[in-house]
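Below you'll find the structure, written out as structure tokens, and then a few comments.
As a basis for the values below, the full set of heavy atoms in this structure was taken, side chains included, without hydrogen atoms, waters or symmetry mates. The structure presented is a predicted model; accordingly, all values stated were derived computationally and were not measured. Lettering follows sequence order; numbering is per chain, from 1.
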Amino acid sequence: MVRIVDNDEEEWLPMSEQEEWSDVVPIPQDDGRNPVCPIAYTDEYREMTDYFRAIMAAGEVSQRAFELSGRVIDANAAHYTAWVYRKKLIIDLGLDIGEELRWVSEISGRHIKNYQLWHHRGALLPLLLDPQDVGRLSQEQRVLIPAIRDELRFVGEVIDNDSKNFHAWSHRQLVVRSYGLWDQEMAYVETQINQDVRNNSAWNQRYFVLTANQSTDDFVLTEDVADREIAYAVEKIKLAPNNESPWSYVIGLLVRHAPAMLYERLLPRINELAADKDYAVAVTSTPFYWSALVDIYEERAKTLDVDERGDVEAFASEACDSLAE
Amino acid sequence: MSHVFSYDFRYDDNECETETSILQAQVEDSIGDIYLNFVEPGSFAQGGDAIDDSRHKLLRIKHEQFILDAINGLSSNFSVLDSSQPWFSFWCLNSLDILGCDITQQLRDRVIDKLSRLQCPSGGFCGGSGQLPHLAGSYAAIMAIVLVGDDTAYKTIDRQGMYSWLMSMKRPDGAFTMHADGEVDVRGVYCAMVIASLLNIMTPELVKGAAEFIARCQTCEGGIGPYPGVEAHGGYTLCGLAALDILGKTDALRLDRLARWMSARQLAFEGGFNGRTNKLVDGCYSYWMGGAFPILQKALKRSRTEGYIYDRAALQRYLLACCQDRRAGGLRDKPGKSPDLYHTMYCLIGLSLSQHYVGVEPSEQVTDTTSVYSVPVRMMQWGAMPASLLVLGLRSNVVKPVHPIYSVPYTPLARFVKYFYALPPLAEQLV
């Protein structure tokens, strides 16, 4: 691309007039006579995509193809074909992946809710740093590796700007899982929850860190860990009882991994809270409290013989009535 | 049916402000201002003011104009959707059809001409010319062709090519990539199952592991995320649940946990849905969340005579009072946002599914999951119960009923299915 800067005015020189591109026959968009929803492309966009189609059709691997892919992506970050081609060019040309990740970070400010950008990072990172290579290192050592440190910093910045960015949190899971960065992630989760106790993405991440760090698919929830998580959830519930996240988290955790502990270990803590004069009103006026009771009694009823269920069902009914109000 | 409005329904932040509660309060302020226009002050009933819902009007003419203008041209700002071109056809045709607007032969021809140029010679539809075929683009293209609704349109589809391409997107863990070297998530499974079930190209190899993958995406909260471990989200929940219904395997999920999470997604004050816990209301979740309820109800084997477990009137109130752009036409996420074709379609689908009570009676449900023919039978069992119609506001607000899995009206859907299931299947059994 050549821009002639003259008297502080930038003039766009069409690619068709650039010597560098004179060997390429651009391929126009195949639209037909009267397409629906025709987009009024700028001349610049139309031309760059016409040339890019030609480059891809010829399978050209070159520096100019690489630069053109960058321009197309910056104009339309959802151009998934351009991202795929760009990755192929990076590998075939042996380009610096660290540089590429920095470029993606630069343009990401304009394109934050975009799938392709994150997928690209996720695909390139293992090429920059082979997960096998970190196996021998401790977790403290791993987070100091520049590639990992930079990646976590980038994702952290995105989350600072948009605390629940879906792609960012998902990308963190990929990075944490690939390189075994569980300890720092639990600390990160706690920082995010401290910042906003209602950040459900952070609560979901807590479940992920707790349970996905396993060599097998089966996570076993021990009593110690259950008590710790129950205490953590209750502590956060106290800050704002009408917050769905900690209730949803702790019940979800126990229902899935240790249902018996709902009645035996969670219910006593919740009852204490509801009886505590500092919290009683707030706790008993949130629907999440009553919903929790229903969930706990429902699971309990499953373990009892039919004739023992009477009391439990009575409690559950009362809770449902409160919820309905 | 609640016709009560009260500031008591606002989110209680327990006097602990965080970014979440501050944003929520801002949205509630803007929506409260709108609802106040319909409240007769001082007419207290059950702790709130009586809200007069009789005047809500669906601005059909404005929305039709909004869509027709878009069909004739979009500004250069839409270059960012240059890789989603099949969606324009789907959003426009479905919105027009649901509104009951006439879809001219000229428009049908234009759509088919456009889409046939987006079909890749080796199978699948691309987001734009010269681009790779994409699962979401293919899904949108097929749905648009369903809506065009004639044999000429159907014949443009390269059925065998589509199957080969879908199989090249299939992964060993049961999921699908969205395009070659692309991302993997539950949307892919939904798109593949919808396309395959409509085109009569289901095979054991195509469906293998899909149900199990979706089940692994159910989170501890009970909703479904894009990929195992990632946060539960409305869009992916609809995708996962609908795909499981196509496969006849909704039992793969913990339905009680799903029901709990889904019911919490309707916001008490706004009436609309959010897509994740502690996030803001958005009109498009009227389909992603609202549309999931009929499917959940069928999975729970609830009779069609029992209610949906969400407040249909409250959702319609949100859509009609807050999501219509009165000046420009079109529908939107929430007040303050601009209308767009995506929100227009999903708000209208959500409106339809809340007006028309759709379901499948438990005693009639087809339980077979092994025969390929069980798929269209399951599909065509869905129907609306006229006695349970609920239209908020003017009676003329009623729109066409749609299928909860395929999100299009029944007539073009049935015609399409009849055509493609008269062709030989690729496999008789799905196991």
Chain B contact via [X] - which portion, at a heavy-atom distance below 4.5 Å:
{"X": "Arg177(A)", "value": "side chain"}
{"X": "Ile251(A)", "value": "both"}
{"X": "Leu253(A)", "value": "backbone"}
{"X": "Gln173(A)", "value": "side chain"}
{"X": "Val36(A)", "value": "both"}
{"X": "Lys87(A)", "value": "side chain"}
{"X": "Asn243(A)", "value": "both"}
{"X": "Ala78(A)", "value": "both"}

**Request:** Please step through side chain to side chain contact (heavy atoms under 4.5 Å, CB included) for the pair His179(B) and Trp83(A), ending with a clear verdict.
**Result:** CA-CA 11 Å; His179(B) 56 85; Trp83(A) 284 102; over 6 Å; no
So what's closer than 4.5 Å to chain A heavy atoms on [X]: side chain, backbone, both or neither?
{"X": "Asp13(B)", "answer": "both"}
{"X": "Asp256(B)", "answer": "side chain"}
{"X": "Gln24(B)", "answer": "neither"}

Starting at [atom1] of [X], measure out to [atom2] of [Y] and round the result to the nearest 0.5 Å.
{"X": "Asn200(A)", "Y": "Glu221(B)", "atom1": "CG", "atom2": "CD", "answer": "4.0 Å"}
{"X": "Leu81(B)", "Y": "Cys37(A)", "atom1": "CG", "atom2": "SG", "answer": "10.5 Å"}
{"X": "Ser76(B)", "Y": "Arg46(A)", "atom1": "OG", "atom2": "CZ", "answer": "11.0 Å"}
{"X": "Asn76(A)", "Y": "Ser84(B)", "atom1": "CG", "atom2": "OG", "answer": "8.0 Å"}
{"X": "Ser79(B)", "Y": "His79(A)", "atom1": "OG", "atom2": "NE2", "answer": "10.5 Å"}

**Item:** Cationic tip of Arg198(A) above Tyr11(B) ring, under 6.0 Å, 45° of axis
**Value:** no
With the side chain counted from C-beta on, respond yes when [X] and [Y] share a heavy-atom pair under 4.5 Å apart, and no when they do not.
{"X": "Thr81(A)", "Y": "Ser83(B)", "answer": "no"}
{"X": "Lys164(A)", "Y": "Thr20(B)", "answer": "yes"}
{"X": "Tyr80(A)", "Y": "His134(B)", "answer": "yes"}
{"X": "Glu183(B)", "Y": "His167(A)", "answer": "no"}

Can you name the closest pair of heavy atoms from [X] and [Y] and give their distance?
{"X": "Ser291(A)", "Y": "Arg260(B)", "answer": "OG-CD, 3.4 Å"}
{"X": "Pro241(A)", "Y": "Asn14(B)", "answer": "N-OD1, 3.2 Å"}
{"X": "Ser129(B)", "Y": "Asp30(A)", "answer": "OG-N, 3.1 Å"}
{"X": "Asn278(B)", "Y": "Ser245(A)", "answer": "ND2-OG, 3.0 Å"}

**Item:** CA sep, side-chain torsions, deciding dist, call: Arg172(A), Glu231(B), salt bridge (charged side-chain N to carboxylate O under 4.0 Å, His left out)
**Value:** CA-CA 12 Å; Arg172(A) 286 194 78 93; Glu231(B) 193 181 3; over 6 Å; no
Check: [X]/[Y] side-chain N/O donor and acceptor closer than 3.5 Å:
{"X": "Asp196(A)", "Y": "Thr18(B)", "value": "yes"}
{"X": "Asp12(B)", "Y": "Thr286(A)", "value": "no"}
{"X": "Arg276(B)", "Y": "Ser201(A)", "value": "yes"}
{"X": "Tyr41(A)", "Y": "Asp82(B)", "value": "yes"}
{"X": "Asn204(A)", "Y": "Thr219(B)", "value": "no"}

Contact leader toward chain A among [options], where contacts are heavy-atom pairs under 4.5 Å:
{"options": "Ser116(B), Ser89(B), Gly130(B)", "value": "Gly130(B)"}
{"options": "Glu19(B), Gln106(B), Glu15(B)", "value": "Glu19(B)"}
{"options": "Lys114(B), Glu17(B), Met178(B), Gln131(B)", "value": "Gln131(B)"}
{"options": "Pro228(B), Ser75(B), Gly222(B), Gly225(B)", "value": "Ser75(B)"}

**Asked** So Tyr236(B) and Phe166(A), would you call those rings parallel, tilted or perpendicular, with 30° and 60° as cut-offs?
**Response** parallel
**Prompt:** Picking from Gly252(A), Pro28(A), Ala57(A), which has the most non-hydrogen pairs under 4.5 angstrom with chain B?
**Reply:** Gly252(A)
**Prompt:** Highest number of heavy-atom pairs under 4.5 Å with chain B: which of Tyr45(A), Trp118(A), Phe208(A), Tyr249(A)?
**Reply:** Tyr45(A)
**Prompt:** Is the backbone N or O of Asp181(B) less than 3.5 Å from a side-chain atom of His119(A), with the two atoms forming a donor-acceptor pair by type?
**Reply:** yes
